[in-house]
Amino acid sequence: MKIYLVGGAVRDNLLNLPVKDKDYLVVGATPEQMLQLGYRQVGKDFPVFLHPKNQQEYALARTERKVGLGYGGFSCHASPDVTLDQDLLRRDLTINAIAQDEDGTLHDPFNGIKDLAERKLRHVSAAFVEDPLRVLRVARFAARFHALGFQIAAETLALMRQISESDELNALTAERVWQEVDKSLAGPHPEVFFEVLNQCGALEVLFPEIFALFGIPQPEKWHPEIDTGVHTLMVLAQAALLTEDKSVRFAALVHDLGKALSPKEQLPKHHGHGQKGLPLIKALCSRLRVPNEMRDLALLVSDQHQNVHQAFELRAETIVKIFDKADFWRKPERLEQLILACTADMRGRTGFENDTYPQGAYLTQCFFVANNIDIAAIIAAGFQGSEIKNALNLRRIEVVSQFKHQLQTQSSTNSQ
């Protein structure tokens with residue numbers, strides 16, 4: 001029996017990156033032997049065991065045979081006669097098919113170390129096409145290692161296109177698709193994930209609402225990049241620079257879905273696109289089982305981002321109405337999320353990447369004064385029941401109006 005450290009731990013160590021999880025491969029052992037040594041079996045489809053002390057995963061060497069559609073359409077064979085090379089052969093990328101034995105010796109039958117040095121994401125074998133999940137995984141690796149200069153090998157990208165043109169992607173479960181999206185949204189360059197999916201044809205299959213944005217024009221005066229799909233990924237990139245909040249990043253990704261529904265005769269204008277996008281966001285989130293808090297913020301950003309951009313022109317009544325509709329009184333953190341997404345939208349345009357966004361500070365101040373009304377004074381004035389809510393609302397409008405007037409007076413004085 002021989003034990004090897006495999007996969008991401010070996011890869012990341014060679015790249016001088018922090019190693020988070022360690023996976024081990026056991027060659028020449030049976031399940032019975034593992035159980036006798038105190039390991040606890042957890043794998044159902046193939047033998048995976050937890051170490052009796054540190055609970056790390058140890059999997060028996062195995063081979064796989066394609067028997068059906070999708071990620072789960074494999075028959076696995078694990079036995080003591082499966083070799084190290086045979087197990088590594090079934091892995092997706094050469095950089096993930098490097099093993100290290102207990103003496104520290106590296107085993108690299110598919111030249112993964114060379115591909116690490118050359119910054120290449122390359123498939124191990126032609127069996128790559130048998131697992132549709134690998135399209136998403138490679139896109140995620142491309143996003144994760146983008147800053148290190150990694151590129152997908154041309155022949156691997158061709159196989160990803162082959163998978164996208166088959167029915168295999170449709171066999172992926174919503175949970176597996178969203179798991180890859182969620183991991184990509186947490187990374188430093190989530191926009192690269194979607195760029196790669198678009199390059200290989202998978203975006204059209206898995207995210208048709210986003211794919212539909214490519215080729216849709218916008219007014220060049222405000223959007224020098226013109227293409228809505230390009231703008232969308234620029235916004236996502238800016239959101240990733242502004243915050244690690246995955247909800248904000250997801251909202252940035254889907255904030256303009258409604259532009260795909262704009263009548264052709266009205267292009268490049270997109271009247272009411274924020275509201276038109278709401279059913280599309282709901283459909284996408286339902287299909288992929290997106291967490292409710294992410295869905296709700298995405299709907300808010302789509303619905304209100306145009307208003308936020310025009311915040312200085314809004315009446316006090318409209319501002320308070322937005323605060324009411326978004327329920328900022330109970331969930332004040334959503335105001336910051338909304339402003340971050342809108343800042344990313346403003347900066348996600350060619351030439352606007354470093355601009356300031358004063359609307360954010362303005363709405364934050366408006367909310368501060370509106371949220372600090374003395375309710376006790378309203379009650380003491382004799383208001384009861386629904387009268388309290390109405391009086392509170394009027395008072396909020398009044399203080400926001402006063403604040404707005406104060407800013408306008410100050411601005412007029414400064415300009416003189």
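We find that R347 and E353 are not joined by a salt bridge, their nearest charged nitrogen and carboxylate oxygen being 4.0 Å or further apart. In summary, D303 and K325 engage in a salt bridge, as defined by a charged side-chain N under 4.0 Å from a carboxylate O. Under 4.0 Å is where a charged nitrogen must lie from a carboxylate oxygen, and between K114 and E118 at least one such pair does. With respect to the salt-bridge test (charged N to carboxylate O, under 4.0 angstrom), the residues E168 and R134 do not qualify. Using a 4.0 Å cut-off between charged nitrogen and carboxylate oxygen, D327 and R330 count as a salt-bridge pair.
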For H255 and S302, run side chain to side chain donor-acceptor pair (under 3.5 Å): C-alpha distance rounded to whole Å, both residues' side-chain angles, the deciding distance at 0.1 Å, then the answer. CA-CA 5 Å; H255 79 287; S302 180; over 6 Å; no
Would you please test L297 and L300 for side chain to side chain contact (heavy atoms under 4.5 Å, CB included) and show each step? CA-CA 5 Å; L297 180 64; L300 172 63; 4.2 Å; yes
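F403 and C366 get closest at one heavy-atom pair: CD2-SG, 3.8 Å. The nearest pair of heavy atoms linking L136 to L206 is CD2-CD1, 3.8 Å. Nearest heavy-atom pair, R176 versus L133, reported as atom, atom and distance to 0.1 Å: NH2-CD2, 2.8 Å. The two residues K276 and L261 make their nearest non-hydrogen contact at O-CD1, 3.6 Å.
Using a 4.5 Å cut-off on side-chain heavy atoms (C-beta onward), D108 and L88 make no contact. Put simply, the side chain of E225 reaches to within 4.5 Å of the side chain of Q218, judged on heavy atoms. Here the side chains of F194 and L253 are in contact, with some heavy-atom distance below 4.5 Å. Contact of the Q359 side chain with the C342 side chain is not registered, since no non-hydrogen atoms from C-beta on lie closer than 4.5 Å. Proximity of I113 to T94: side-chain heavy atoms (C-beta onward) are nowhere separated by under 4.5 Å. F211 has its side chain out of reach of L197: every pair of non-hydrogen atoms, C-beta onward, lies at least 4.5 Å apart. Considering only heavy atoms from C-beta on, Y4 comes within 4.5 Å of V27 through its side chain. With contacts defined as side-chain heavy-atom distances shorter than 4.5 Å, the pair M34/L60 qualifies.
A distance-only check finds a donor-acceptor pair linking the side chain of Q33 to the backbone of T30 [under 3.5 Å]. Remark: the backbone N or O of V301 is not paired with any side-chain donor or acceptor of Q304 at under 3.5 angstrom. T318 contributes no side-chain N or O that, together with a main-chain N or O of L314, makes up a donor-acceptor pair within less than 3.5 Å. Between the side chain of T356 and the backbone N or O of P358, no donor-acceptor pair lies under 3.5 Å. At distances below 3.5 Å, at least one donor-acceptor pair connects side-chain atoms of S166 with backbone N or O atoms of I163.
A donor-acceptor contact closer than 3.5 angstrom links the side chains of H123 and T156. Side-chain contact annotation: H273 with H305, donor-acceptor N/O pair under 3.5 Å present. Side-chain contact annotation: T228 with D256, donor-acceptor N/O pair under 3.5 Å absent. Between the side chains of H77 and S79, at least one donor N or O lies within less than 3.5 Å of an accepting N or O.
Taking the six-membered ring where the residue is Trp, F250 and W178 present perpendicular rings, their angle passing 60° and hence far from 30°. Ring planes of F323 and F328: tilted class, angle from 30 to 60°.
Under a cutoff of 6.0 Å and an axis angle of 45°, R144 and F141 do not form a cation-pi pair.
Aromatic rings of H189 and F145 (six-membered ring for Trp) have centroids beyond the 6.0 Å cut-off, not under it.
Counting only residues at least two apart or on different chains, the salt bridge (charged side-chain N to carboxylate O under 4.0 Å, His left out) pairs with a member in residues 83-95 are E64-R90, D87-R90, D87-R91, D92-R137.
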